[in-house]
Amino acid sequence: MSITNVRRDFDDLTIQDLLALILILGGFVLLIDLFRRLLIGSLTVSTLMTYLWTGIVDSLYIALGAVGLSMTYSILRFANFSHGDLITTGAFGGWTVAYLIAGVGAADFGSRLLLDADGGASATELGIDVLASPIAILIGMAAAALVTIGVALLIDRLVYKNLRGAGGIPLLIASVGVALALRYIIALVYTQDARGIIAFPPQRELTLPPQWVPGDIGPIASFTVSLHTLTLVSVALLLIIGVHVMLQRTKLGKAMRAMSDNRNLAQITGIPTERIITMTWVIGAGLAGVAGYLIVLDQSQISINFGWFLLLLIFAAVILGGIGSIYGALLGSLIIGLTINISLVWIPSDLNEVTAFTLMILILVTKPDGLLGGVETA
Amino acid sequence: MSTRDLPIPDNGLKRDVLLVGGIVLATVFLYFFFGLLAGVRFNAVVSEVESVIFFTAVFALLALALNLHWGYTGLFNIGVAGFMAIGMYTMAIITASPDGSPAGLGLPIWLGVIGGVAAASIAGAIIALPALRVRADYFAIITLGFAEIVRLSIQSDTLAEIEIGDRVYGTGGGSGISYAAPSNVVEWLFGLVGGVETRDNIAAALAVSETMVDRLVYALIVFLFVAIIYVVLRRIARSPFGRLLKAIREDEVVARSLGKNTKLAKIKVFTLGCGLMGLGGILWYGGRASSINPDSFMPIITFYIFVALIIGGAGSNLGSLIGGFVFAAFLWQGPRYFGVLMPDLDAPSTFYDAFLELGSLDVLPLVVYIADSMNELRWILVGLALIVLMIYRPDGLFGHRKETAAAIDLSSRSDRGDET
């Protein structure tokens with residue numbers, strides 16, 4: 001699947017333009033309606049702020065998955081349907097390590113190893129929150145990344161390496177197989193039961209401007225946030241900045257960008273393509289693993305298919321930004337994250353993902369290269 | 001592989017029937033052999049075989065529909081579950097009792113089936129119009145997204161209950177909707193040939209229960225559908241239209257530059273295939289229950305059908321039949337049957353307990369634990385099957401069966417040219 005396959009039908013351009021116009025107009029009308037609702041008071045500012053905040057949190061964990069997916073998409077040239085299950089793998093692997101360290105003496109070894117599959121290791125008794133056992137949670141996060149990287153490299157060696165150059169569709173099908181096998185191997189060990197494995201998160205009152213700002217302005221706004229959400233936001237932002245620096249400043253980043261632009265040319269110029277592929281998996285899977293770990297920390301629930309259900313949203317984000325562009329993926333994540341939350345102003349909560357997928361389809365149809373398409377920065 | 005090993009498209013039908021028949025008979029024999037060997041009751045073995053027959057028919061039908069999309073035309077549709085859901089839910093709403101909750105229209109079953117197929121076709125046509133503009137992997141994601149939109153919509157509370165007049169219609173949300181099951185047709189059929197006594201006589205003659213006879217007859221009805229669709233698709237595949245489809249699969253630009261309207265052909269074939277998927281959904285769920293809920297249309301259903309199609313080899317209708325059978329007998333029903341055959345041993349309650357026993361060099365608890373988790377094991381097998389097929393047998397388990405796009409076999413003609 002090379003980039004030259006992206007053909008545009010010039011005879012259809014008018015219809016596409018029309019659709020895009022309707023899309024933009026629709027967005028505009030919704031924006032006006034939003035202000036109207038704020039003015040007449042059917043929507044309070046604090047509700048809107050809550051939607052915005054959860055939207056940003058959602059977009060950050062979508063972004064962690066989207067960056068990795070976008071990388072494997074542009075360098076290995078296939079839609080990796082097992083990426084969601086790499087997220088799940090990271091969550092289970094990481095939290096198992098965190099449980100093993102945090103709960104020494106508090107619960108049976110077997111119960112901790114299986115993440116409370118038999119109900120013998122309650123999260124509250126073990127003190128699984130960022131204040132009670134910060135070190136265990138930190139080590140667990142590193143373990144989440146390492147376990148996922150290990151699994152991804154093993155899968156690459158066993159499966160994808162045999163299919164290099166087989167074309168996008170066979171690789172896609174194989175990745176579905178990987179997704180299924182991986183998910184149910186996890187289920188075999190940890191059982192299929194969804195369960196809460198995180199203790200109630202400590203809360204903090206935040207005021208704007210912060211209290212340490214000198215002067216006597218007084219609080220303008222204040223809201224309560226869970227420290228677990230704050231952990232997710234700060235780690236995710238750090239990782240995203242890290243990826244940006246890596247891509248722009250290091251030789252590896254340059255090589256990756258070269259490879260995603262033109263693989264054969266990259267190989268001719270002496271870039272060790274196999275090693276770059278390995279590094280792609282290391283970064284992509286590492287981010288996926290940490291994403292899974294942090295999502296569970298924030299939502300306190302773990303189940304074997306949360307990664308799979310997240311995958312379609314991640315795909316929506318990657319496509320929205322234009323496949324192959326990591327900055328596009330970040331932008332796409334922000335749009336999807338905000339869409340599924342701000343759309344709650346108009347529609348019931350069980351239809352918000354429908355909005356996200358509809359938006360994805362509409363964007364694909366009107367602008368098949370994505371919002372930042374054609375800009376193959378990396 | 002030399003070109004002469006390829007199946008000859010013209011007079012292959014007889015050999016095809018023999019091949020399929022042989023594989024099926026051998027498997028049925030194996031099911032009976034191991035079942036009776038393990039001391040399972042005769043009726044229970046027949047029940048397993050009936051399930052294999054039923055699911056073979058269902059998966060063969062769905063694989064035939066998918067083959068039309070992917071095998072012939074190269075449209076990578078991974079939203080099969082969505083079209084099945086549209087067909088099934090339309091059927092359910094048309095046939096459900098007007099006094100039920102949610103209420104339906106209370107119309108006869110045959111109208112429901114036709115309505116369901118029509119709704120799935122229309123949905124296919126609507127999604128095809130925009131989706132066919134984009135490239136293959138984007139198309140895949142659009143269809144998957146569409147299937148999820150369908151599933152989440154029928155699951156939502158908004159569409160669950162819609163008041164029209166003094167009745168509450170709708171999809172029933174997460175708890176689903178009850179309907180008149182297509183399997184009721186069996187009762188009506190027996191009514192034509194002497195009523196319940198006929199059925200009871202057949203049951204006594206075969207030494208199985210009465211409900212088993214009903215289920216067997218229904219499975220045969222589904223098979224009748226498969227047979228009719230197979231013949232129709234075979235005709236389509238050999239028609240000029242079928243050759244156009246294969247040309248699109250091989251190189252759409254060439255087909256278009258020869259003056260063919262490839263877009264119209266793709267929309268037509270997508271619509272037809274989606275209608276068949278709707279029919280597949282109706283015959284599948286309508287044969288097993290009289291109520292349906294959104295959980296039956298998880299995205300994963302689509303990949304069952306892909307496995308069936310890939311096993312048989314995409315691009316051949318016969319391959320779809322074989323694939324449907326192999327999938328039903330060995331990946332769908334097989335692990336479940338294996339669980340029935342296994343003697344009742346006390347399985348360790350967790351993986352860790354089973355693992356601990358390894359310390360005392362006892363492998364049996366781990367084996368029993370894994371055998372006890374047949375549900376998970378089946379999924380793992382499906383996943384591994386996809387991977388192994390893609391690496392070693394991308395053309396299907398039974399080799400390369402893809403039919404050539406040309407009306408006459410050009411390869412065999414050039415062979416003859418070499419010999420003279």
Side-chain angles (χ1 to χ4, degrees), chain A residues 1 5-9 12 16 19 73 78-79 81 109-111 113-114 117-118 158-159 162-163 166 168-174 176-185 187-192 308 312 315-316 319 323 347-348 350-351 353-354 356-358 360-362 364-366 368, chain B residues 70 74 76 78 127 129-131 133-142 144-146 148-149 152-153 155-159 173-174 253 298-300 302-303 306-307 310 349-353 355-356 369-370 373 375-392 394:
Chain A
M1 198 62 53
N5 277 13
V6 187
R7 293 185 300 266
R8 299 195 66 176
D9 296 346
D12 299 331
Q16 286 183 334
L19 262 170
Y73 212 141
F78 76 102
F81 273 76
F109 180 78
S111 304
L113 190 71
L114 297 182
D118 54 357
L158 292 177
V159 182
N162 297 312
L163 288 166
I169 298 298
L171 272 162
L172 192 160
I173 297 171
V176 172
V178 170
L180 277 178
L182 194 58
R183 190 177 330 149
Y184 284 92
I185 287 171
L188 198 63
V189 177
Y190 290 96
T191 76
Q192 294 198 36
W308 168 252
L312 208 54
F315 262 121
I319 287 169
I323 284 175
I347 56 160
D350 53 5
L351 283 177
E353 290 191 11
V354 171
F357 298 148
T358 312
M360 171 185 84
I361 292 180
L362 286 176
L364 260 182
V365 171
T366 50
Chain B
W70 188 42
F76 194 67
I78 49 175
I127 197 76
L129 286 172
R133 294 163 188 282
V134 298
R135 55 183 234 224
D137 45 354
Y138 287 8
F139 180 78
I141 292 163
I142 287 189
L144 180 61
F146 173 74
E148 278 295 272
I149 290 175
L152 293 169
S153 301
Q155 196 173 0
S156 79
D157 291 334
T158 320
L159 292 179
V253 179
M298 288 293 187
I300 212 68
T302 303
F303 295 108
F306 260 97
V307 178
I310 292 166
S349 57
T350 66
F351 188 79
Y352 176 69
D353 292 340
F355 195 73
L356 273 191
Y369 177 80
I370 290 175
S373 320
N375 199 12
E376 285 86 5
L377 208 59
R378 187 168 71 183
W379 295 102
I380 296 173
L381 277 178
V382 170
L384 291 180
L386 273 177
I387 297 169
V388 171
L389 281 171
M390 275 301 115
I391 294 177
Y392 298 104

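Given the structure is predicted, the values throughout are model-derived calculations rather than measurements. Chain identifiers are assigned alphabetically (A, B, ...) following the order of the sequence lines, protein sequences preceding nucleic acid strands; residue numbering begins at 1 within each chain.
The shortest side-chain heavy-atom distance between Leu144(B) and Phe315(A) does not fall under the 4.5 Å cut-off. Leu172(A) is listed as a side-chain neighbour of Phe81(A), based on a closest heavy-atom distance under 4.5 Å. With a 4.5 Å cut-off on side-chain heavy atoms, Met390(B) and Leu171(A) do not count as touching. You'll find the side chain of Arg183(A) reaches within 4.5 Å of the side chain of Trp308(A), heavy atoms only. At least one side-chain heavy atom of Gln192(A) sits under 4.5 Å from a side-chain heavy atom of Tyr184(A).
Here Val354(A) is the residue among Val354(A), Leu362(A), Thr358(A) with the most heavy-atom pairs under 4.5 Å with chain B. Of the listed residues (Ile78(B), Leu384(B), Asp157(B)), the greatest number of heavy-atom pairs within a distance under 4.5 Å of chain A belongs to Asp157(B). For the set Val189(A), Asn162(A), Leu163(A), the entry with the most heavy-atom pairs within less than 4.5 Å of chain B is Val189(A). Between chain A and the options Val307(B), Leu152(B), Val382(B), the largest number of non-hydrogen pairs under 4.5 Å is found for Leu152(B).
The parts of Pro170(A) that come within reach of chain B are both its backbone and its side chain, each placing non-hydrogen atoms under 4.5 angstrom from that chain. If you measure heavy-atom distances from Phe78(A) to chain B, you find no contacts under 4.5 Å at all. For Ile173(A), the parts lying under 4.5 angstrom from a heavy atom of chain B are both the backbone and the side chain. Proximity to chain B (any heavy atom under 4.5 Å) is shown, for Ile185(A), by both the backbone and the side chain. Using a 4.5 Å cut-off between heavy atoms, Leu188(A) contacts chain B through both its backbone and its side chain. Only the backbone of Leu158(A) comes within less than 4.5 Å of a heavy atom of chain B; no side-chain atom from C-beta onward does. Contacts between Leu389(B) and chain A at a heavy-atom distance below 4.5 Å are absent for every atom of the residue.
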Quiz item: What do the steps show when you test Phe76(B) against Tyr138(B) for ring-ring contact (aromatic ring centres under 6.0 Å, His included), and what is the final call?
Solution: CA-CA 9 Å; Phe76(B) 194 67; Tyr138(B) 287 8; over 10 Å; no
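Taken to the nearest 0.5 Å, the OG atom of Ser153(B) stands 11.0 Å off from the CD atom of Glu353(A).
No close placement of the Phe146(B) and Phe357(A) rings is indicated, their centers lying 6.0 Å or farther apart.
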